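Remarks on the structure that follows.
In this text, all values refer to a predicted model and were calculated from it rather than measured experimentally. Within every chain, numbering begins at 1; the chains are lettered A, B, ... in the order of the sequence lines, protein sequences first and strands thereafter.
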Amino acid sequence: MAVSLPSAPPSVRPLSPLDDADLDSLLLIRHFENALLDLFAAGKLHGTVHTCLGQEYIPVALRPFLDEDFVLSNHRGHGHYLAQYEDPHGLLAEIMGREGGVCRGVGGSQHVYRERFLSTGVQGESLSVGCGLALHSKRRGLPHLVVAYIGDGTWGEGAVYEALNMAALWRLPLLVVVENNGIAQSTPTQVQMAGSVADRAAAFGIDHHRLESIDINEIRDVLADPIARVRNEHRPLVVEFATHRLGPHSKGDDTRPADVLEHARRHDWYRLYPQTRPEQFAARDARIRARVESVVQEVEARSPSVWEAGRV
Amino acid sequence: MSSPAPAPDAPDAVMAVPTAPVRVADNLNEALHALFAADPHLFLLGEDVVDPYGGAFKITKGLSGAHPDRVLATPLSEGGIVGVAGGLALAGDTAIAEMMFSDFATLCFDQLVNFASKSVSMYGRRIPMRLVVRCPVGGNRGYGPTHSQSPQKHFIGVPNLALFELSPFHDNHAVLARMIERAEPCVFFEEKSLYPQRMFTGGVVDDLFTFAPLAGPGDWARISVGGEEDYDCLLIAPGGLARRCLGAMRELLMEDEISCQLLVPSQLYPFEAGPVVEEFAAGARIVVVEEGVAGGTWGTEVAAHLHDRLWSQLREPVRLVCSRDSVIPAAPHLEREVLVQQDTIRDAVRRTVR
């Protein structure tokens, strides 16, 4: 079953008003990711990061549904974490290898674990882990579901299908959120995926919703009931967001042509939302921008994280 | 289970076999039953593991009848099975995953190496992961190249992944409990031909050999000629090779007057050299025996440890006995040529001692 929202391109439709908390959450992720790219450019970050610029609205939209639930994230997971915990200090310290990092600098950008949030860096690995977590929840009679964020590229991994099969067979409360941004690193989706996500979900008898909208309130209206069914009826669900990656895969490795990038920019909530409530946006944007700047300054000044290998 | 009538206690050595022989498979099955009865949060997953089939080697017989919610027959999805087991472990449960044949464990390598094992330490603090992957290994049964391997070597050297091997000298309830207590993923290699053989109990192997546990890490068993301290050659082998080693030791003693001791660890990795070093008789030769094919094996790991600790006392380097660098053929006469046999071990000891 595929449900699409009204067909008018969201870029030409104004976004509906957000309350300050949602807008702050979006802005926190946006400015955090921009700060990372600035830190890289300044030679202050090592390794790699994968920013979620343009996709921030997805975890923010889902946040109210996921209070006690387990979130499995991936390499592009900063937004997932910040929407869940609003902890820019802990995440930045983790990425910079500073004291107070969520995982003492061992995991870095793509291996973060805290309470009911876990990210890891191998594509497709999380779905069967999610089945195990969901099985635990179901057997203990807990009302929790498990959310696993994956991308369009993840569907190339056979592990995805093993997990979907078990989730459907065993009626597990597993919500698979697909951030289909049309590109896997540098490879367009149409070059790496035959058929569609919808048909793949249908093959397992798993419900599927595809959402073109980037409007947080619309998304919540559409998903409230299906997510309740995952939780209450133990029906696995695949929700596919047609989304837009504004930035490079990691840093400076974007080979997409200008018109493709411009198409993504036309769907950028950060460009669209000021038309909805310009004064609210300007005030919150300035405030959150300043907040992230101060987080960067504070974390940068911290001492290196301490971890004794093999003694944890 | 049918078993021969108990032999009466008698001074006659031939009659001194344990009074109630228990098959290794039954000991393992009973261990699983006991663990399931004791822990309401223990799960077992695998292909064809539920009753009435009870697993390809019948090790899980009766478990699903007693615990239907926690013993799950899975699709043919080794990666998925270990992924689900990893999720259960992450949630605080204990999970045992059965690979029907260890050859298929290549399909769960990512979940085991990149997720379950790394999760113990890559998040900066220790995360308990109670997960055991059971893997039937070994050949000499004519199953051919993809159902006969001993893949222990492929799992050596992974941080927070411990390796154990089934042995007729080690009670499986204690061995499984030890793996679970480690709170990190473990692989349990089970040599298939051991299943129908009997467990050794009461310190007695047969009319010639006795065994005793060694104190210290690694959970070693020492097999000797009636507890004799002196020997010409020290054999080190995992449980799956014990029968072949015992046969070779008997031949060597009877025909060549070469006396051997055998040390069998329950824990293969991390390798615990301490008890071996303490047991080592100066001047003896050391032969390490394993069934895996040559190249980058457990034996080379053992030899590296022992060379490091014993170099000044060794008369010659540790000798390795492993199967040939070859796929494992199906036809019995060809398979026999590739895999380590009793006479391979015997000949290696003769060459070493003479």
Can you name the closest pair of heavy atoms from A:V106 and B:G124 and give their distance? CG2-CA, 3.8 Å
Which pair of non-hydrogen atoms, one from B:G80 and one from A:E162, has the smallest distance, and what is that distance? N-OE1, 2.6 Å
Please state whether the side chain, the backbone, both or neither of B:L107 comes within less than 4.5 Å of a heavy atom of chain A. neither
Best-contacting candidate, A:L118, A:L72, A:L172, against chain B by heavy atom pairs under 4.5 angstrom: A:L118
Segment of A:V112 engaging chain B (4.5 angstrom heavy-atom cut-off): backbone
Verdict with supporting geometry, A:R139 and B:L88, side chain to side chain contact (heavy atoms under 4.5 Å, CB included): CA-CA 11 Å; A:R139 284 289 188 272; B:L88 288 166; over 6 Å; no
Among the listed options B:F115, B:F43, B:Y123, the residue most often paired with chain A at heavy-atom distances under 4.5 Å: B:Y123
Heavy atoms, side chains only, cut-off 4.5 Å: are A:L135 and B:L72 in contact? yes
Nearest 0.5 angstrom please: B:S119 OG to A:Y113 OH, how far? 8.5 Å
Candidate pair A:C103 and B:M122, rule side chain to side chain contact (heavy atoms under 4.5 Å, CB included), full reasoning: CA-CA 8 Å; A:C103 300; B:M122 79 168 165; over 6 Å; no
Contact check, side chains of B:Q111 and A:S128, non-hydrogen atoms, under 4.5 Å: yes
Mind ranking A:H136, A:M166, A:E125, A:H111 by heavy-atom pairs under 4.5 Å with chain B and telling me who comes out on top? A:E125
Tell me, out of A:L133, A:V129, A:V122, who's got the most heavy-atom pairs with chain B below 4.5 Å. A:V129
Decide if atom CD of A:E298 counts as having more than 12 heavy atoms of other residues, nucleotides or ligands within a radius under 6.0 Å. yes
With side chains defined as the heavy atoms from C-beta onward, is the minimum distance between A:F70 and B:L90 less than 4.5 Å? yes
Considering only heavy atoms, which portion of A:L169 lies under 4.5 Å from any heavy atom of chain B: side chain, backbone, both, or neither? side chain
Do other residues, nucleotides or ligands put more than 12 heavy atoms under 6.0 Å from the NZ atom of B:K58? yes
Turns out that what part of A:L127 lies under 4.5 Å from chain B's heavy atoms comes down to neither
Taking atom types as modelled, is there a side-chain donor on B:H41 or A:R140 under 3.5 Å from an acceptor on the other? yes
